[in-house]
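By convention here, the first residue in the shown sequence is residue 1.
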Amino acid sequence: MFDLIIKNGILVNHNGIGNGDIAISGGKIAAIGDLKTQSANKIIDAKGLHILPGLIDTQVHFREPGLEHKEDLETGANAAVLGGICSVFEMPNTNPTTSSISCLGDKINRANGRMSCDFAFYAGATNDNIDFLPDLEREIGCAGIKVFMGSSTGNLLVKDDENVGRILQKITRRAAFHSEDEFILEEEKKFVRAGDPSSHYEARSSRAALSCTMRLVKLAREFKKRIHILHVSTKEEMEFLKAHKDLVSIEVLPNHLAFYGPDIYNKIGTLAQQNPPIREKHHNDALWAAVQNGLVDVMGSDHAPHTLEEKSEKYLKAPSGGPLVQHAVVAMFEAYHQGKISIEKIVEKMCHNPAKIFKIEKRGFIKEGFYADLAIVDVAKPWSVKKENILYKCGWSPLEGTNFKSRVVYTLVNGQIVNQNGQIKEIKAGKRLLFDRE
């Protein structure tokens with residue numbers, strides 16, 4: 001007698017797509033195959049539905065502590081599971097920043113018993129905490145070290161090669177980098193056109209992104225360290241990084257894949273403002289080519305909410321960033337319907353690769369003995385993004401009014417149903433993620 005059996009589903013996993021059943025006991029996957037004769041306390045008939053391993057979003061900003069008017073750990077987690085995401089890595093640019101063991105512990109304490117998805121927290125590097133990073137990155141619940149080499153939301157910034165080199169020399173785990181050259185960003189402020197958000201990709205140019213990425217790769221080679229470059233946004237970076245896949249993993253964002261400038265700025269203005277920027281069409285084409293040819297490893301949402309009032313300010317007073325965690329998965333399924341990506345590649349880049357790259361224990365795959373984190377998707381269930389079905393605490397989405405062809409109909413976290421047909425269950429099933437930190 002199992003706790004739950006999901007029958008008749010289309011399983012999407014590392015070994016391909018095929019029909020099958022999944023049995024769950026004690027929060028873990030207990031059996032996979034033809035389980036028609038087996039019994040369980042609960043049965044889900046998933047006929048015609050795709051069953052994915054629990055999706056992992058390795059870049060979210062849930063704004064707690066200090067900025068809870070935008071989002072908090074509980075509301076962010078609920079939005080995540082409604083969108084099929086079962087695990088998140090939360091970013092350190094909160095208030096206070098997650099740059100000490102005590103602040104990391106505070107976040108973990110806040111998350112325990114409040115989050116419906118699994119969680120880990122990045123620790124932020126500063127110019128002053130470099131000597132303590134080896135201890136910080138090995139704390140249980142730490143996703144690794146995050147380094148901002150270009151200024152963005154918050155006050156974490158390490159812009160010079162000397163201190164970035166010191167960080168790489170000290171740490172052992174794969175660090176994640178916001179790669180924009182702060183020195184060039186300072187120069188390019190002259191390109192800001194007040195009130196014109198389309199100047200954002202001129203004031204944060206592809207030159208700034210490429211320069212920083214080249215500097216960073218040179219340092220990684222010097223210190224023989226693996227690195228993860230977040231939200232790569234330019235054609236030039238993709239061309240450069242082809243020769244460095246032995247030590248670099250690459251993330252792109254659904255927003256950078258779905259939109260391009262100046263069109264999106266003409267349509268929604270500062271709601272499209274983010275760092276690094278949504279760029280011109282030729283960059284968008286290059287990102288898609290990198291996804292399709294396997295150069296891109298991971299797709300994360302960079303969910304970074306601000307209130308609508310804040311985002312409605314004139315450019316550049318409006319803050320950069322926007323909410324996406326609830327809609328990232330269905331946005332990629334829309335690309336599947338458009339013939340741009342297969343479901344297998346979605347799973348590879350949002351389930352398998354995050355688990356492998358960051359060495360997450362027993363997540364990201366449908367395997368016996370792994371935690372039963374699963375997303376069940378109906379690829380033929382149209383719906384529209386409306387204010388009343390947006391779960392973000394900030395209450396808005398740049399995708400409001402968008403029609404999607406697919407919907408996440410079930411999300412399971414540690415064997416418990418936390419989302420059923422768009423209804424969030426009052427079950428805080430999330431657990432702290434564990435890592436092989438060797």
Side-chain angles (χ1 to χ4, degrees), residues 56-61 89 91-93 122-125 137 143-152 156-161 163-165 167-168 171 173-185 201 204-257 274-279 283-284 286-291 293-302 304 321 348-350 353-354 356-359:
I56 302 167
D57 191 337
T58 54
Q59 187 179 187
V60 303
H61 302 259
F89 289 6
M91 286 291 171
N93 52 333
Y122 278 110
E137 71 171 347
I145 303 301
K146 165 69 181 290
V147 185
F148 288 87
M149 292 181 71
S151 55
S152 194
L156 290 169
L157 180 64
V158 184
K159 63 182 180 180
D160 61 289
D161 288 2
N163 280 318
V164 173
I167 291 167
L168 289 172
I171 63 176
R173 297 176 67 189
R174 186 186 298 260
F177 289 83
H178 180 125
S179 182
E180 290 183 286
D181 190 313
E182 181 66 17
F183 302 101
I184 295 177
L185 295 182
Y201 57 76
R204 302 183 79 104
S205 70
S206 59
R207 181 172 76 97
L210 177 62
S211 170
C212 191
T213 294
M214 292 176 73
R215 288 168 49 206
L216 179 54
V217 169
K218 182 180 178 182
L219 289 166
R221 288 227 171 272
E222 180 180 346
F223 293 102
K224 297 180 173 61
K225 295 296 171 68
R226 301 157 300 165
I227 57 173
H228 182 66
I229 303 183
L230 298 159
H231 41 47
V232 176
S233 62
T234 73
K235 177 181 180 180
E236 293 84 358
E237 285 175 285
M238 289 301 183
E239 290 174 350
F240 169 74
L241 288 169
K242 288 176 185 177
H244 302 285
K245 287 299 292 172
D246 55 319
L247 83 170
V248 179
S249 54
I250 299 171
E251 176 199 76
V252 296
L253 306 182
N255 273 357
H256 286 142
L257 294 169
Q274 62 184 74
N275 302 331
I278 295 170
R279 304 188 187 277
H283 292 294
N284 175 271
L287 298 186
W288 267 117
V291 168
N293 67 26
L295 184 61
V296 168
D297 300 289
V298 172
M299 293 186 292
S301 72
D302 195 13
E348 176 188 85
K349 297 178 192 306
M350 301 185 82
N353 285 352
K356 290 190 293 186
I357 288 167
F358 292 97
K359 300 183 178 181

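Heavy atoms only, all atoms of each residue included: Phe240 and Leu210 are closest at CB-CD1, 4.1 Å. What you find for Glu348 and Pro354 is that their closest heavy atoms are O-CD, 4.0 Å. Of all non-hydrogen atoms in Leu168 and Ala220, the two that sit nearest each other are CD1-N, 3.8 Å. Closest of all the heavy-atom pairs between Ser205 and Arg279 is C-NH1, 3.4 Å. Between Lys349 and Val291, the shortest heavy-atom distance links the atoms CE-O, 3.4 Å. Of all non-hydrogen atoms in Leu157 and Gly150, the two that sit nearest each other are CD1-C, 3.6 Å.
Between Arg215 and Met149, some side-chain heavy-atom pair lies under the 4.5 Å cut-off. With a 4.5 Å cut-off on side-chain heavy atoms, His178 and Lys146 count as touching. Contact annotation: the side chain of Asp302 approaches that of His61 to within less than 4.5 Å [non-hydrogen atoms, C-beta and beyond]. Contact check for Ser179 versus Val232: no side-chain heavy atoms found under the 4.5 Å cut-off. Two residues are said to be in side-chain contact when any heavy atoms from C-beta on lie closer than 4.5 Å; Asp297 and Lys245 meet this criterion. Between Ser151 and Glu182 the shortest side-chain heavy-atom distance falls below 4.5 Å. With contacts defined as side-chain heavy-atom distances shorter than 4.5 Å, the pair Ile229/Thr213 qualifies. Contact annotation: the side chain of Asn353 never approaches that of Met299 to less than 4.5 Å [non-hydrogen atoms, C-beta and beyond].
Note that the CD atom of Glu251 and the OG atom of Ser233 stand 11.0 Å from one another [nearest 0.5 Å]. Taking CZ of Phe89 as the reference point, atom CG of Leu230 lies at 11.0 Å (rounded to 0.5 Å). In this structure, CD1 on Ile167 lies 10.0 Å from CG on Leu219, to the nearest 0.5 angstrom. Atom-to-atom distance recorded for Thr58:OG1 and Tyr122:OH is 5.0 Å, nearest 0.5 angstrom. To the nearest 0.5 angstrom, Asn275 atom CG is 3.5 Å from Arg204 atom CZ. Taking CG of Leu216 as the start and NE2 of His244 as the end, the distance is 11.0 Å to the nearest 0.5 Å.
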### Query
Would His231 and Asn255 count as a side-chain contact (heavy atoms from CB on, under 4.5 Å) if you check the C-alpha gap in whole Å, the side-chain angles of each, and the deciding distance to 0.1 Å?
CA-CA 10 Å; His231 41 47; Asn255 273 357; over 6 Å; no
### Task
Could you please spell out the steps behind the side-chain contact (heavy atoms from CB on, under 4.5 Å) verdict for Gln274 and Leu253?
CA-CA 11 Å; Gln274 62 184 74; Leu253 306 182; 3.5 Å; yes
### Task
Check the pair Ile56 / Phe358 against side-chain contact (heavy atoms from CB on, under 4.5 Å), numbers first and verdict last.
CA-CA 11 Å; Ile56 302 167; Phe358 292 97; over 6 Å; no
#### Entry: side-chain contact (heavy atoms from CB on, under 4.5 Å) evaluation trace for Asp246 with Arg221
CA-CA 10 Å; Asp246 55 319; Arg221 288 227 171 272; 2.6 Å; yes
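Ring-centre distance between Tyr201 and His283: not below the 6.0 Å cut-off.
Between the side chain of Asp181 and the main chain of Ala209, no donor-acceptor pair closer than 3.5 Å is present. The main-chain N or O of Ile171 is never found under 3.5 Å from a side-chain atom of Glu137 such that the two would form a donor-acceptor pair. Judged purely by atom type and a 3.5 angstrom limit, Asn163 has no side-chain atom pairing as donor or acceptor with the backbone of Val158.
The neighbour count for Lys235 NZ, taken as heavy atoms of other residues, nucleotides or ligands under 6.0 Å away, does not exceed 12.
Ser249 and Arg174 share a donor-acceptor pair across their side chains, judged by distance under 3.5 Å alone.
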